[in-house]
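The block underneath contains the structure these notes are about, expressed in structure tokens.
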Amino acid sequence: MNAENKKQAPAWCPGCGDFAILAALNKALAASGIDRKRLVLVSGIGQAAKLPHYTDANVFNGLHGRALPAATGIKIANHSLDVIITSGDGDMYGEGGNHFLHAIRRNIGVKAFVHNNQVYGLTKGQASPTSDIGFVTKIQTHGVVSVPVNPLALAVVEDCSFVARSCVAFPEHLEKMMVEAIKSKGFALLDILQNCVTFNKVNTFKWYKDRCKELPADYNPRDRENALRTSMKWGDEIPIGVIYRSDRKSFEEMTPALAAGPLAERYGK
Amino acid sequence: MNAENKKQAPAWCPGCGDFAILAALNKALAASGIDRKRLVLVSGIGQAAKLPHYTDANVFNGLHGRALPAATGIKIANHSLDVIITSGDGDMYGEGGNHFLHAIRRNIGVKAFVHNNQVYGLTKGQASPTSDIGFVTKIQTHGVVSVPVNPLALAVVEDCSFVARSCVAFPEHLEKMMVEAIKSKGFALLDILQNCVTFNKVNTFKWYKDRCKELPADYNPRDRENALRTSMKWGDEIPIGVIYRSDRKSFEEMTPALAAGPLAERYGK
Amino acid sequence: MDTNIRITGEAGQGVQTIGGLLADSFAALGLNVYATQSYMSRIRGGVNSYDIRISDAPLYSAREEADLLVALNRESLDSNLAAVSSAGKAVFDGADGGDSVVSLDMTGAAKEAGGSARMVNSVAAGVVFAALGYKPDRLFDALTNQFKKLGEEAIAKNHACVGKGIEIAGQLKGAVKAPEPGKAPLGEVVSGSEAIGLSAAVAGVKVVSSYPMTPSTGVFTHLAYLADKYGIVVEQAEDEIAAINLVCGATFAGVPAMTTTSGGGFALMAEGISLSGMLELPAVVFLSQRPGPATSQPTRTAQQDLHFAAFAGHGEFARAIYAPGTIAQAYDLMRKAFETAHKFQSPAILMADQFITDLQQNIAALSAAPNPIDRLIIENHAADYVRYAVTDSGISPRAIPGGGAFVVLDSDEHTPDGHLTEDLDERVMQQDKRMRKEEGMIAEVLAPEIYPLPAAEVFLCWGSSYGPCREAVDILRARGRDVCLAHFPQVWPIDPAKALAALGGRKVTAVEGNCNAQFALLLRMAGALGEFGAITRYDGLPFTAEYIVRRAQK
Amino acid sequence: MDTNIRITGEAGQGVQTIGGLLADSFAALGLNVYATQSYMSRIRGGVNSYDIRISDAPLYSAREEADLLVALNRESLDSNLAAVSSAGKAVFDGADGGDSVVSLDMTGAAKEAGGSARMVNSVAAGVVFAALGYKPDRLFDALTNQFKKLGEEAIAKNHACVGKGIEIAGQLKGAVKAPEPGKAPLGEVVSGSEAIGLSAAVAGVKVVSSYPMTPSTGVFTHLAYLADKYGIVVEQAEDEIAAINLVCGATFAGVPAMTTTSGGGFALMAEGISLSGMLELPAVVFLSQRPGPATSQPTRTAQQDLHFAAFAGHGEFARAIYAPGTIAQAYDLMRKAFETAHKFQSPAILMADQFITDLQQNIAALSAAPNPIDRLIIENHAADYVRYAVTDSGISPRAIPGGGAFVVLDSDEHTPDGHLTEDLDERVMQQDKRMRKEEGMIAEVLAPEIYPLPAAEVFLCWGSSYGPCREAVDILRARGRDVCLAHFPQVWPIDPAKALAALGGRKVTAVEGNCNAQFALLLRMAGALGEFGAITRYDGLPFTAEYIVRRAQK
Ligand SMILES: Cc1ncc(C[n+]2csc(CCOP(=O)(O)OP(=O)(O)O)c2C)c(N)n1
Ligand SMILES: Cc1ncc(C[n+]2csc(CCOP(=O)(O)OP(=O)(O)O)c2C)c(N)n1
Ligand code: SF4
Ligand code: SF4
Ligand SMILES: [Mg+2]
Ligand SMILES: [Mg+2]
């Protein structure tokens, strides 16, 4: 079976960073040796959330903001499946903010790839929780005044198993981060800076490309204090890479009812 | 008019830390010279959330988890009112977690006093988001496995205007923190460690009393990195005091429509 | 012959402990036990009460009057004294209960017997047994059972307290007429919550995710208690939205899953219910009602959420709602909800309320042997499998991920393969397909129960009003009124034919725990009812036979 | 005489720009303009279209056929060609549109005229004007107006493009029959969203809090646009739950406040709606419908959420729901929703849909002068003021915080002073008080409009179906059928008397944009309707007169 879905042509704008994420995902899945039949892509609603339709996988494209609890339920019911979320910044940090806060605590082995374009794409350009201060939209007519959410720092504070950032302007790095996230145990957050050519004229491809800098080779992601400091950086230089790793046990490991094997496969036996 | 509400006798258990919070609040309001008629106490649902009924104030006792948006609406409609939230840890960090995340970003001048007893009191003892790992309940029969929420660290990450912790075992400190919170500009978070004599037999009055230590006099709450480090401390020693201050502008200051005065008072004029 | 014993006191005084102890002991005596609770939304203080009604004949309702009142504090005594029956007795734990009250220092007696103040519970139970003239053997057994974990000494002390209670009962001994033991089938006392939780476990629920909310927490807690035995993952969610979406995810991946909640939490789930309709997932919701709107009376009972449950969620899709009238029926219908959800790949709701979840009765033992429902999942599906094949029944063969082909679900309108579509004809085909499932559900709707036989007048009821209505019908028929009841254990969807068969041409009085007679209105909407009268209750208390009779005779 | 012009292309090609430009120019010509949009849930690609129907007589519906089709790409041409009327013309931007299509290189023409590829919009508008045989003056004006911010050069280039369009139109000139200008009252083109937003601003809304959701975002955006002028705080909420609770808080503190949403977001607000019922706060919700369940068709239209809106939220409480049939009525009813919410201190919903919010017409100017509603707040209340005084009407004098006495609100059941109570009699008093407000609302329910006059057969409709139904009635009556319409601008609560007066004894056919004929069912629930037929539509498109006529003649 082919790794690309033949039926659906992406409904994204030409030039949208989502294409790069799709391409990187296909490569990362291949590199990770993932059996597509045992892969579930989970998403909410938004431009990013359409991704699962454009590749081959089992798909749960649910409600806006609710990818995390759905993915959690899937992973609990069958923890032998690979469960990856591909959804937007509004989806995961706005409508889905409470699940974000609590999924990390739970540390279930779901990998969340967040297409962070700092804007609400599908609903035509309102501010998202990650929009920079001053970002002007038809709703935020005088510009955003709220401090942006910093998902990475929040995740480090919550001792998230795997916390990384990448960017569509660095496709190989992006693929590598995906592979690392998939390899990691427990909950993984990969925040992906993604250009929206239509509604975000500030944080463009070039804007990201100019600012993103890979973490140095000797960076130690297990140093939490440093990770916290690193995750707080934003502006002229934006670090990309694996910012933090923790060796907490995963939900699956800590849940006695799962010890004998996947619930869905043992059912009735 | 008297500062204590005559009609309602608190429905709390004898020995509950909520009594100390009520007493401290009455003192802090007096010390702050607050006009009770211009004070609104906002709460969700829970044991803590009953507090507004036991003193004199305007009261908005709304839905479980929704104190923050209600308080936000009140403050927007009339920013000349003092708006204080008194609610529980489940209310503010569990059901209300998304509002918590975003209220801090918005920095509206609401003061949130969270009765953090690390348990769901009113519903008879399930784990709350702040319950320690290993805490056994009738639902978490093998003990809590999720990493507890650290509201203070999250607030520092989000550059919250005022972040403090106190504890019912230190009533004068508690009162002082309330006064400071009320005096501060923008959003204030005061997390109050509170014993629940009925459902939390681990984090008792003594447990808190033994561990809480006031921050040193030379502690600088404007040092964000240090504040972050301080807010991450939990265990044998738990710091209490004003952990972080930021000088961000408040929502009221940044919103043009509020410049001419409170909306509710200018209505139709 | 029946006797109603009421234990009352403030929260935290042990009202529940005494009540539970007595209920178990009476059941062991071979009495029919019917135990109900009334409590406030607080952990200490206030006035709570626990009624244990016992009889030599089956019981279906609580009684308003108490034949024996045991009050543990002054406020409870005062607020319950008027409810003591004419031949009844009131006992007060203390010195000066006042005229017509038997004042016994039960707390003092507990200490005298070498126990602690808390053991007043055992003293009180002894007093009750003495007053009813029952031998205390079964009470001793129950205590032995209850304290076996704490060891011999605790057992001995509690037994001594019972003895002391019997001793101080004095002139009260045998003063309250009591039914003859040994007439009821022996069986354990079980609550509505326990029956429902057990049924779900037996039916094979594997994932339970809820946010605590009275009065649904009992089922959630019981499932947590059963989790290890049945291999269930019970996960407290951060909120109700997470709970329902987690359940949707778990059913997609292939296991029966459910959530438990009450009105306010259910409101937060409305979008998720709509999702399970669209994705065609068998999400099961246990909805335990309390009065509304908003927080209202958290520990009280009501039947106010029927319209909301029938229409919750945007868009149009099929759902089934069951509403049990007895504990045994609750056990059966919990399973039925799982079966219907899986057969029609649609949300199913078991709708109960505070009254029936807290209700305790001794009934024929409920099977605890695992008996997982058929998930109706197709295995070994071919590579050209599509999730939403258009069929006559509207039911598409359901596969789960991990098999021979991709399983694709989308909350957007989709083509049969589950992928997003903007095609308007596909939309109509899928929407029609989904709606056809409702026709299938209607064909299988549970018929109403008519009791005892068709009559000129019908009390129309659903859910927990069954028992009180049934006793009211018995009373009114004994007085010569030609009345029966029609109880609907399933309230959605509606089969107008079945409803008309039960109600057509008769004088209908809806007996409902709400303001608007919601079920009667649903029947009228379905074209199955014209004019009707109503006996409603919405003060937070459950119906009683007396209440219905009083209102029916107005 | 009317002509329907359809501009079609993929998202991002400027279909909306051309459509808007033409609509404005036609309006300036004194034509009646009725413009509707059809678009997909994507930002680029797909097939979108913009219909501008023009006439010398008032218009009430879109038309299915196009008399002039302008297709900007191949896919759009292909999917719209069959819809060209027999005497109609199709224009394609490109070389080879095929037989029966006029192929014009409009993009090339734009460049030739010195403009950019984007200025194809102005070329296309020129072609349309030429085909219709209208003088281009008003089109020039509209362009001048549109580009005045960009300066003289932009204006000049666009004017040149229009000229080029007229030039290349060639044999197309005057080939499409068009209505005579100057017959319609001059007025600006306004959309449903703009009318609703303006009305709220004029009525004095001071706090607007929403989470974006198609098709409600237009109103939200227009309010943000008006915010500075009217002194409104427009705050994007983190989710819909925050939005409705923020609105509750703001109304408590004393200002009219509202939220805007669609089905899925409304589902998340259900608990908050119940809260506003309990706290007796005038929360106003603008609910713009799209098809369901779940995400379904985000950019399409439906009337599927009526049952849900009527019963959303747990418990029983009063609410009002208005559903406008025209843009002018939308303006009026938005205000009415605020007035009713404040008079009855209850939630009120303005229920529209994608069709009517995106609909654009030139109508008599809507007043933009601030005209704040009376909040009906008592001032200078005494120290013994209580918020929930029990009154005959159920309406208690409402004060806001900051005055002479405390204003206390509790979502638990409360005593008149707003404090939590466990007293069951107080509960009944307050619940009865709240329910009495529904009686008051019923007395004020807006009566249905009968058009043109009572007939043997009635098309029963509500909300946006009004216009298409009205044209269908005109067509059928012209063919001799004795039919009228009954349009209900208010759909909840229901006054059975008013409904019976309109429908009693007639043959009723419900015309509704849903599967179940939801409003007809509500009427039957209320005892105001027996048997009925139904013409339903739920493919995502709005009704048209043709659709209704076709179905009515089956
Ligand atoms: C409950 C609910 N509220 C709102 C919406 C409307 N909505 C759809 S996508 C979206 C935001 C999309 O932003 P983001 O998640 O950042 O994704 P992007 O389109 O930018 O990739 C919103 C608000 C919805 N579908 N459901
Ligand atoms: C939507 C909703 N879900 C659940 C509940 C039930 N509930 C009431 S209070 C509470 C938790 C209380 O815990 P916390 O906020 O920590 O307050 P505490 O009682 O410990 O002071 C819950 C789950 C509710 N009232 N509403
Ligand atoms: S709107 Fe933005 S995010 Fe959406 S497809 Fe276009 S470029 Fe991508
Ligand atoms: S249960 Fe706990 S939190 Fe609630 S009143 Fe009692 S001691 Fe306080
Ligand atoms: Mg985005
Ligand atoms: Mg708590």
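Here is the naming used below: chain letters follow the sequence lines, and residue numbers restart at 1 for every chain. Remember, it's a predicted structure, so these values are computed and weren't measured experimentally.
When all heavy atoms of C/Ala253 and A/Ile74 are compared, the closest pair comes out as CB-O, 3.8 Å. Looking at every heavy atom in both residues, A/Gly62 comes nearest to C/Ser411 through O-OG, 2.7 Å. A/Gly268 and C/Pro372 get closest at one heavy-atom pair: CA-CG, 4.0 Å. The shortest heavy-atom contact between A/Arg36 and C/Phe406 is O-CE2, 3.3 Å. Here the closest heavy-atom approach between residue A/His53 and residue C/Gly418 is recorded as CE1-O, 4.0 Å. When every heavy atom of C/Leu420 is checked against every heavy atom of A/Gln8, the shortest pair comes out as O-NE2, 2.8 Å.
Looking at C/Ala405, the atoms closer than 4.5 Å to chain A (heavy atoms on both sides) all sit in the backbone: N, CA, C or O. The part of C/Ile232 that comes within reach of chain A is its backbone (N, CA, C, O), which places non-hydrogen atoms under 4.5 angstrom from that chain. Interface residue C/Val407: backbone and side-chain heavy atoms are both found under 4.5 Å from chain A. With a 4.5 angstrom heavy-atom cutoff, A/Leu63 touches chain C via backbone and side-chain atoms both. In this structure, the portion of A/Ile45 lying under 4.5 Å from any heavy atom of chain C is its side chain and not its backbone. The contact between C/Gln236 and chain A is made entirely by backbone atoms, counting heavy-atom distances below 4.5 Å.
Within 6.0 Å of NZ in A/Lys185 there are more than 12 heavy atoms belonging to other residues, nucleotides or ligands. Residue-environment remark: OH (C/Tyr225) stays at or below the threshold of 12 foreign heavy atoms within 6.0 Å. Within 6.0 Å of atom NZ in C/Lys343, 12 or fewer heavy atoms from other residues, nucleotides or ligands are found, so the atom counts as exposed in its surroundings.
Under a 4.0 Å N-O distance rule, the pair C/Glu238/A/Arg105 does not qualify as a salt bridge.
Here the side chains of C/Ile373 and A/Tyr267 are in contact, with some heavy-atom distance below 4.5 Å. A/Ile76 places none of its side-chain heavy atoms less than 4.5 Å from the side chain of C/Lys206. Inter-residue side-chain proximity for C/Asp412 and A/Asn61 is flagged as met; some heavy-atom pair is nearer than 4.5 Å.
Residues of residues 277-285 of chain C that come closer than 4.5 Å to chain A, counting heavy atoms only, are C/Leu279, C/Leu281, ordered by residue number.
Rounding to the nearest 0.5 angstrom, the gap separating the CG atom in A/Asn78 from the CZ atom in C/Phe252 is 10.0 Å. Rounded to the nearest 0.5 Å, atoms CG (C/Leu246) and CZ (A/Arg66) are 13.0 Å apart.
Among C/Val255, C/Val234, C/Asp410, the residue with the largest count of heavy-atom pairs under 4.5 Å with chain A is C/Asp410. Chain A forms more heavy-atom pairs under 4.5 Å with one residue of C/Ala242, C/Gly254, C/Gly231 than with any other, namely C/Ala242. Contact count versus chain C (heavy atoms, under 4.5 Å) is highest, among A/Lys75, A/His102, A/Arg266, for A/His102. Each of C/Gly204, C/Ala243, C/Gly249, C/Ala227 has some count of heavy-atom pairs under 4.5 Å with chain A, and the biggest count is that of C/Gly249. Ranked by heavy-atom pairs under 4.5 Å with chain A, the first of C/Ile244, C/Ile377, C/Val207, C/Ile241 is C/Ile241.
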